[in-house]
Amino acid sequence: MESKLMTSPMRSCVAVALALAVAGAYAASAPEQSKSTRIVCWKDKSGKVVGCGDKVPPEYQESATKEMDRRGVTRATTESSEDAAKRRTQEQETAKQRAEDQKRVAEQKRQDTALLSTFSSEGEIDQKRDRDLQQSDILLGQMKVSLKNATDRYNEVKVRTDAAAKDKKGVPDALKEELSKADSDRQRLEQSVASKEKEKEEIKARYAEQKKRWLELRGESQAGKAAPSSASSGK
């Protein structure tokens, strides 16, 4: 005969004890069959035992369980479907993060190798920075000249437009279009100049970072290089 006992969450401990008592009695009355006796306790979503018996009810099939032998020793446990899904999600996120970390480390190693093979001294880094800045300055100068011409053009058309606006005939459509185009050209060049100036600052920052990293890879530092000269000057 199978024994089965279900209880409310507030009486779960009594349920376990009673289930074990039933199992023990069953084992005493039928020694041979007691070897296969098992008690399974099932839990609710909060993790509390809500019942015990010889099998899990259909409505708790997705719940976490704990299986005990006739002496009350836990022999197996299972996690709920919800906990299993959370665990798989966490494992996937961990694996993804590990892959991203490995990719980042590999990319940093590639950049470090390229940095050491490209420059043999700090001076070479500075020279390359200065060349890049010089090219930016040339383009920036050309942009500023174009911006000045566009601004002068806009101002000239604006004066004619303002004068036409005072006339009873109003501003001709062709003049309106000319002013709109002049204003558009002026704004476009202003944005280009601002972008190029920002690019110059980014160049300075990039080479400063490269120099810092180059020194780290070479096992040097700015402070370490300055120390010997300070010591020698005190002699």
Side-chain angles (χ1 to χ4, degrees), residues 6-10 12-13 15-16 38-69 72-122 124-133 135-136 139 188 191-192 194-225:
M6 292 187 64
T7 69
S8 65
M10 297 180 60
S12 59
C13 293
V16 175
R38 70 166 192 157
I39 298 297
V40 181
C41 295
W42 49 92
K43 305 176 182 180
D44 60 13
K45 291 184 177 181
S46 66
K48 294 181 180 180
V49 174
V50 295
C52 296
D54 58 354
K55 62 181 179 180
V56 181
E59 62 268 27
Y60 287 98
Q61 289 297 319
E62 302 296 321
S63 303
T65 64
K66 178 174 67 173
E67 182 178 334
M68 299 176 292
D69 62 18
V73 178
T74 300
R75 293 303 182 184
T77 61
T78 63
E79 59 185 347
S80 67
S81 298
E82 183 178 353
D83 289 340
K86 290 180 179 178
R87 175 178 53 77
R88 287 192 294 270
T89 299
Q90 182 61 45
E91 290 174 349
Q92 291 173 356
E93 292 177 351
T94 300
K96 181 180 179 181
Q97 183 62 50
R98 187 182 298 112
E100 291 177 351
D101 291 342
Q102 292 175 348
K103 183 178 180 181
R104 184 164 51 250
V105 170
E107 176 60 19
Q108 183 63 60
K109 183 176 181 180
R110 185 193 67 78
Q111 292 180 4
D112 291 344
T113 300
L115 184 63
L116 289 174
S117 62
T118 301
F119 303 109
S120 60
S121 68
E122 289 182 69
E124 290 185 359
I125 299 176
D126 292 337
Q127 291 171 7
K128 183 65 168 61
R129 176 202 61 203
D130 293 342
R131 288 196 297 270
D132 288 355
L133 289 174
Q135 291 297 320
S136 293
L139 293 175
R188 175 177 54 79
Q191 293 173 359
S192 296
S195 177
K196 182 59 65 174
E197 289 177 339
K198 180 181 179 181
E199 182 182 294
K200 283 187 59 179
E201 296 304 315
E202 291 173 347
I203 290 174
K204 294 176 183 178
R206 182 172 70 252
Y207 278 101
E209 185 63 30
Q210 286 186 355
K211 183 188 291 189
K212 178 182 177 182
R213 183 60 179 167
W214 187 87
L215 290 171
E216 291 175 353
L217 294 172
R218 293 292 297 269
E220 304 175 13
S221 66
Q222 296 282 13
K225 295 185 67 178

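All values below come from the heavy atoms of this structure, side chains included, with hydrogens, waters and symmetry mates left out.
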Exam field: side chain T78 to backbone A64, donor-acceptor pair closer than 3.5 Å: no
Rounding to 0.5 Å, atoms CH2 (W42) and CD (E62) come to a distance of 15.0 Å
Derivation and outcome, side chain to side chain contact (heavy atoms under 4.5 Å, CB included), residues Q210 and L115: CA-CA 8 Å; Q210 286 186 355; L115 184 63; 4.1 Å; yes
Pair V40, M68 - check side chain to side chain contact (heavy atoms under 4.5 Å, CB included), show working. CA-CA 6 Å; V40 181; M68 299 176 292; over 6 Å; no
Test item: Q135 and L139 side chains (from C-beta on) under 4.5 Å apart, heavy atoms: no
Atom CD in E216, atom NZ in K211: separation rounded to 0.5 Å? 13.5 Å
Is any NZ, NE, NH1 or NH2 atom of the basic residue among K200 and D132 found under 4.0 Å from an Asp or Glu carboxylate oxygen of the other? no
Taking atom types as modelled, is there a side-chain donor on Q111 or E107 under 3.5 Å from an acceptor on the other? yes
For E91, is there an ion pair with R88 - N to carboxylate O distance below 4.0 angstrom? no
Atom pair CZ/OG1 of R87 and T94 - distance to nearest 0.5 Å: 12.0 Å
Quick one: does S192's side chain have a donor or acceptor within less than 3.5 Å of a partner on R188's backbone? yes
So do the side chains of E122 and L215 get within less than 4.5 Å of each other, counting heavy atoms only? yes
When rounded to the nearest 0.5 angstrom, what is the spacing between CD in E209 and CD1 in I125? 11.0 Å
OG-CZ distance between S121 and R218, expressed to the nearest 0.5 angstrom: 8.5 Å
Side-chain touch S63/D44, heavy atoms, less than 4.5 angstrom: no
If the plane angle is over 60° it's perpendicular, under 30° parallel, otherwise tilted; pick one for Y207 and F119. perpendicular
Got a salt bridge between R98 and D101, using NZ or NE/NH1/NH2 to carboxylate O under 4.0 Å? no
Passes salt bridge (charged side-chain N to carboxylate O under 4.0 Å, His left out), E201 versus K198? Steps please. CA-CA 5 Å; E201 296 304 315; K198 180 181 179 181; over 6 Å; no
Could you check if a side-chain atom of W214 sits within less than 4.5 angstrom of a side-chain atom of L116, using non-hydrogen atoms only? yes
Donor-acceptor under 3.5 Å (S117 side chain, A114 main chain): yes
Worked check of side chain to side chain contact (heavy atoms under 4.5 Å, CB included) between Q108 and R213: CA-CA 11 Å; Q108 183 63 60; R213 183 60 179 167; 3.7 Å; yes
Using a distance-only test with no angle check, is there a side-chain donor-acceptor pair under 3.5 angstrom linking S120 and E124? yes
Measure the shortest side-chain to side-chain distance between R129 and D126 over non-hydrogen atoms and say whether it is less than 4.5 angstrom. yes
E82 bridged to K86 by N-O distance under 4.0 Å: yes
